[in-house]
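Residue numbers begin at 1 in each chain, while the letters A, B, ... track the order of the sequences.
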2 protein chains.
Amino acid sequence: MEKKPWPRPTEAELEILQVLWARGASTVREVNEVLNANREVGYTTTLKLMQIMVEKGLAARDTSTRTHVYTAAVTEQDTQRQLLDKFVDTTFRGAAMKMVMQALGNHQASESELDEIKALIEQLESGQQSGGSGTEA
Amino acid sequence: MEKKPWPRPTEAELEILQVLWARGASTVREVNEVLNANREVGYTTTLKLMQIMVEKGLAARDTSTRTHVYTAAVTEQDTQRQLLDKFVDTTFRGAAMKMVMQALGNHQASESELDEIKALIEQLESGQQSGGSGTEA
DNA sequence: AATTAAATACGAAACTTTTCGTAAAAAATT
DNA sequence: AATTTTTTACGAAAAGTTTCGTATTTAATT
C-alpha cells in the first residue's frame with residue numbers, strides 16, 4: 001500500500017495550516033480573520049489558497065453546507081517532520097545534531113525543557129543497538 | 001555602527017554558498033561542476049545566480065583576473081543561524097525545543113554526538129540565571 | 001419579490017525565483 | 001592572423017507563488 005506523499009506546503013500555505021491546526025475545522029472567513037491579526041490579507045486571497053490546498057491534498061473541505069468548512073488534511077507532526085528533514089538537508093547538509101546544538105545555543109530553553117531533552121537522550125542512548133558510531137555520510 | 005543585514009539566501013543561492021563554503025574561493029565553472037554532480041544546471045544559470053549573490057552581498061568576487069573568482073561573503077554559521085531562526089518561527093511557531101526533540105527523535109545520532117549535546121545542556125543549566133521557568137510566549 | 005449580503009469560482013495580474021539564449025569580450029589554438 | 005574556446009554581461013523567458021478583481025451563486029433581509 002503505497003501512500004503518495006503530499007507536496008511540501010509553501011510559506012503562505014503553512015500559515016493557513018497553522019490556523020487549521022490551532023482552531024480545527026474552520027471557514028475561510030475564520031481563517032482569514034486570524035491571518036489578518038498579523039498582516040492584511042484579502043478574503044479572496046485566503047480563499048484561493050485554501051482551494052489550492054484542497055487540490056494539493058493539504059486540506060479537506062466539507063461542501064455540504066453553503067459555507068464550506070476546511071480542515072487540515074496533514075498532521076502538524078508529519079508536516080514538521082517533512083520540513084525539518086528538508087531543512088536539515090539543505091541548510092545543515094544533513095548534520096542534524098549540528099543543528100540541534102545551534103538551536104540549543106541560540107534559543108532560550110527552560111529547565112523543564114532541558115530536562116525533557118536530557119531524558120530523551122538517555123532513552124536514545126539506552127535503546128541504541130547499532131549503527132551508533134561515527135557521523136553518517 | 002549599524003550593520004545592514006544581508007538578505008536571506010534563496011534555495012538555489014544556498015546551494016552555491018554550500019559549495020563556496022566547502023571549496024573556498026572558486027570560479028563559476030568549478031561551482032557549476034559541483035552542482036552538476038547532483039542535477040543538471042546550465043553554466044549561465046550558475047553564473048547569473050552568482051552575480052546576483054554578489055549584488056546582494058552574499059558573495060564577493062575578484063575580477064582582477066579574466067576568470068572571476070568568487071568567495072562567500074557570509075559565514076556558514078551566521079547563515080545557518082538566520083535560517084534556523086526563521087525556520088523555528090514559521091514551522092514550529094517559535095518552539096525551538098519542540099524542534100530539537102523532533103530532530104533528536106527522527107535523526108540518527110552517534111553516542112559521541114549525544115554526549116556532546118548532554119554536555120552543552122549541563123553547561124546551559126549551570127549558567128542559567130533567570131527567565132528559566134515556563135515556556136516563552 | 002426585490003434588494004442586499006456573503007460565499008465560491010475563475011482567471012489573470014503582480015511578484016519572486018530560476019533558467020537560459022544570445023551577444024560581446026578575451027584568451028587560447030591552429 | 002583566423003578560428004575556436006572560454007568567459008562575462010545582459011535581458012528576458014519560464015516557472016512558481018501570492019494577490020486580488022470580477023462574476024456567479026446562494027442565502028438573508030427588507
Side-chain angles (χ1 to χ4, degrees), chain A residues 5-20 23 25-71 79 82-83 86-87 90-91, chain B residues 6-20 25-71 79 82-83 86-87 90-91:
Chain A
W6 29 272
R8 264 192 304 140
T10 66
E11 200 138 325
E13 288 166 353
L14 184 57
E15 263 188 296
I16 290 172
L17 280 176
Q18 306 275 21
V19 177
L20 292 178
R23 288 188 36 95
S26 309
T27 65
V28 173
R29 179 148 306 281
E30 287 164 343
V31 169
N32 186 245
E33 256 152 32
V34 174
L35 295 184
N36 271 277
N38 300 321
R39 60 195 185 84
E40 201 174 326
V41 194
Y43 176 86
T44 54
T45 301
T46 303
L47 168 64
K48 180 67 165 187
L49 273 171
M50 292 175 76
Q51 287 171 340
I52 290 171
M53 288 170 72
V54 171
E55 271 177 28
K56 288 188 181 177
L58 293 173
R61 71 174 158 182
D62 177 352
T63 60
S64 65
T65 54
R66 157 144 150 78
T67 301
H68 299 178
V69 176
Y70 292 74
T71 52
T79 305
Q82 197 195 353
L83 293 176
K86 172 83 178 171
F87 179 73
T90 60
T91 304
Chain B
W6 29 272
R8 268 189 302 138
T10 65
E11 200 136 326
E13 288 166 353
L14 185 57
E15 263 188 296
I16 290 173
L17 280 176
Q18 305 276 20
V19 177
L20 293 179
S26 310
T27 65
V28 173
R29 179 149 305 282
E30 287 165 343
V31 169
N32 187 243
E33 256 154 32
V34 175
L35 295 183
N36 271 278
N38 300 321
R39 61 196 184 82
E40 200 174 327
V41 194
Y43 175 87
T44 54
T45 300
T46 302
L47 168 65
K48 179 66 166 186
L49 273 171
M50 291 175 76
Q51 288 171 341
I52 289 171
M53 288 169 73
V54 170
E55 272 177 26
K56 288 188 181 177
L58 294 172
R61 73 174 157 183
D62 177 352
T63 60
S64 65
T65 54
R66 158 143 150 77
T67 301
H68 298 179
V69 176
Y70 292 73
T71 51
T79 305
Q82 197 195 355
L83 293 177
K86 171 83 178 173
F87 180 74
T90 59
T91 305

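Evaluation of atom-type donor-acceptor distances gives no pair under 3.5 Å for the side chain of A:Arg29 against the base of C:dA7.
A:Thr45 comes within contact range of at least one nucleobase, with a heavy-atom separation under 4.0 Å. Using a 4.0 Å heavy-atom distance criterion, A:Arg8 is classed as making no nucleic acid contact. Residue A:Glu13 is out of contact with every strand shown, counting any heavy-atom pair closer than 4.0 Å.
When each of A:Leu58, A:Leu83, A:Thr79 is checked for a side chain to side chain contact (heavy atoms under 4.5 Å, CB included) with A:Arg8, only A:Leu83 meets the rule.
Here the nucleotide nearest the side chain of B:Tyr43, chosen from D:dT18, D:dT7, D:dA27, is D:dT7. Here the side chain of A:Ala12 is nearest to one of D:dT8, C:dA7, D:dT18, namely D:dT18. Nearest nucleotide to the side chain of A:Thr10, out of C:dT18, D:dT17, C:dT8: D:dT17. Candidate nucleotides D:dT7, D:dT18, C:dT22 were compared by shortest atom distance to the side chain of B:Thr67, and D:dT7 ranks first.
Near DNA chain C, defined here as any heavy-atom distance below 4.0 Å, the residues from residues 47-61 of chain A are A:Leu47, A:Lys48, A:Gln51, A:Arg61, listed numerically.
When rounded to the nearest whole Å, the span between CD of B:Glu15 and C1' of C:dT18 equals 11 Å. Following rounding to the nearest Å, A:Asp62 (CG) and C:dT8 (C1') show an atom-to-atom distance of 15 Å. Remark: P of D:dT25 and NE2 of A:His68 are 14 Å apart, rounded to the nearest angstrom. The separation between A:Glu33 atom CD and C:dA7 atom C1' is 14 Å, rounded to whole Å. Remark: P of C:dC15 and CD of A:Glu11 are 19 Å apart, rounded to the nearest angstrom. As rounded to whole Å, 15 Å separates atom C1' of C:dC20 from atom CG of B:Leu35.
Applying the salt bridge (charged side-chain N to carboxylate O under 4.0 Å, His left out) rule to A:Glu33 yields no partners; only residues at least two apart in sequence or on another chain are considered.
Smallest separation of non-hydrogen atoms from B:Thr91 and A:Gln18: O-NE2, 3.9 Å. Across A:Thr65 and A:His68, no two heavy atoms sit closer than the pair O-CD2, 3.6 Å. Counting all heavy atoms, side chain and backbone alike, B:Tyr70 lies closest to B:Leu20 at O-CD2, 3.8 Å.
A heavy-atom distance below 4.5 Å is not found between the side chains of A:Val34 and A:Glu30.
Distance alone, capped at 3.5 Å, is enough to place a donor-acceptor pair between the A:Asn32 side chain and the A:Val41 backbone.
A sub-4.0 Å separation between OP1 or OP2 of C:dT19 and a side-chain N or O of B:Arg39 is present.
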